[in-house]
Amino acid sequence: DAGVIQSPRHEVTEMGQEVTLRCKPISGHNSLFWYRQTMMRGLELLIYFNNNVPIDDSGMPEDRFSAKMPNASFSTLKIQPSEPRDSAVYFCASSAGTEAFFGQGTRLTVV
Amino acid sequence: AQSVTQPDIHITVSEGASLELRCNYSYGATPYLFWYVQSPGQGLQLLLKYFSGDTLVQGIKGFEAEFKRSQSSFNLRKPSVHWSDAAEYFCAVGVRNTDKLIFGTGTRLQVFP
């Protein structure tokens, strides 16, 4: 398996634009997580899905953030409109119940 | 509430020296505990995990960790550090009956030749 695949690896966008981050989890994993990593706040869990259903979205910072998982092999995290303070590395991870496997992340810069 | 504390933000050691990275957790029951490593520009890779049983856990790359319930600790150790071990290390606690992980703030390890 190729592991958790995230795209794009880097994204630079202007404030106010919509940004969509994509994730393909490891086949057979039934849980998917979106994390955000910043110097100030470390690793924060934004949302997690189990069997494609959002279970806990308490970490989503505000309504500008939304996440979907239309099927077991794909998830998106959307920010609309984006703001400079959203600049961070966003990680997707998947799990089959014992340990989480992380993608390489998307580095988002909002200017 | 569950939480993880890594008291050391940054540690510097010489190559060949021993290493211990500290981790303390707060959790109401027996925790699932993890150590992950993150190299620059990369995602997190699992080093080792503790679910139950033997409190001394062996991981990859020569790392081990010991679960001490009385101290609410899960410190990571390595007897002899290599330059390639320079990275950021994260301790995490898993929330039972979910797959959620709560991470500490990380410890950056620098290795001098």
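Here is how names work: the chains are called A, B, and so on, in the same order as the sequence lines, proteins then strands, and each is numbered from 1. Small disclaimer: the values here were computed from a predicted structure and weren't measured.
Within 6.0 Å of CG on A:Asn71 lie more than 12 heavy atoms contributed by other residues, nucleotides or ligands. Atom NZ of A:Lys68 sits in a sparse spot, with 12 or fewer heavy atoms from other residues, nucleotides or ligands closer than 6.0 Å. Surrounding CZ of A:Arg64 are more than 12 heavy atoms belonging to other residues, nucleotides or ligands, all under 6.0 Å away.
The line from OG1 of B:Thr105 to CZ of A:Arg41 is 13.0 Å long, rounded to the nearest 0.5 Å. Here A:Tyr48 contributes atom OH and B:Lys100 contributes atom NZ; the two are 7.0 Å apart, rounded to the nearest 0.5 Å.
Residues B:Leu44 and A:Phe101 are not in side-chain contact: their nearest non-hydrogen atoms beyond the backbone lie 4.5 Å or more apart. Between B:Gln45 and A:Phe102 the shortest side-chain heavy-atom distance does not fall below 4.5 Å.
Put simply, A:Phe65 and A:Val53 are part of two different groups of oily side chains (I, L, V, M, F, W, Y) that touch within less than 4.5 Å, one to the next. Grouping the Ile, Leu, Val, Met, Phe, Trp and Tyr side chains by contacts below 4.5 angstrom, directly or via other members, places B:Phe63 with B:Ile60. A:Leu43 and B:Trp35 are assigned to two separate hydrophobic clusters, defined by single-linkage of ILVMFWY side chains at heavy-atom distances under 4.5 Å. Placement of B:Tyr89 and B:Phe34 in two distinct hydrophobic clusters is found when ILVMFWY residues are connected by side-chain heavy-atom separations under 4.5 Å, directly or transitively.
Heavy atoms only, all atoms of each residue included: B:Phe90 and A:Gln37 are closest at CZ-NE2, 3.4 Å. For the residue pair A:Phe91 and B:Gln38, the shortest heavy atom distance occurs at CZ-NE2, 3.2 Å.
Interface residue B:Phe51: only side-chain heavy atoms are found under 4.5 Å from chain A. Only the side chain of B:Leu46 comes within contact range of chain A, with heavy atoms under 4.5 Å apart. Heavy-atom distances place the side chain of A:Arg9, and not its backbone, under 4.5 Å from chain B.
Chain B forms more heavy-atom pairs under 4.5 Å with one residue of A:Cys92, A:Gly42, A:Ser95, A:Ala100 than with any other, namely A:Ala100.
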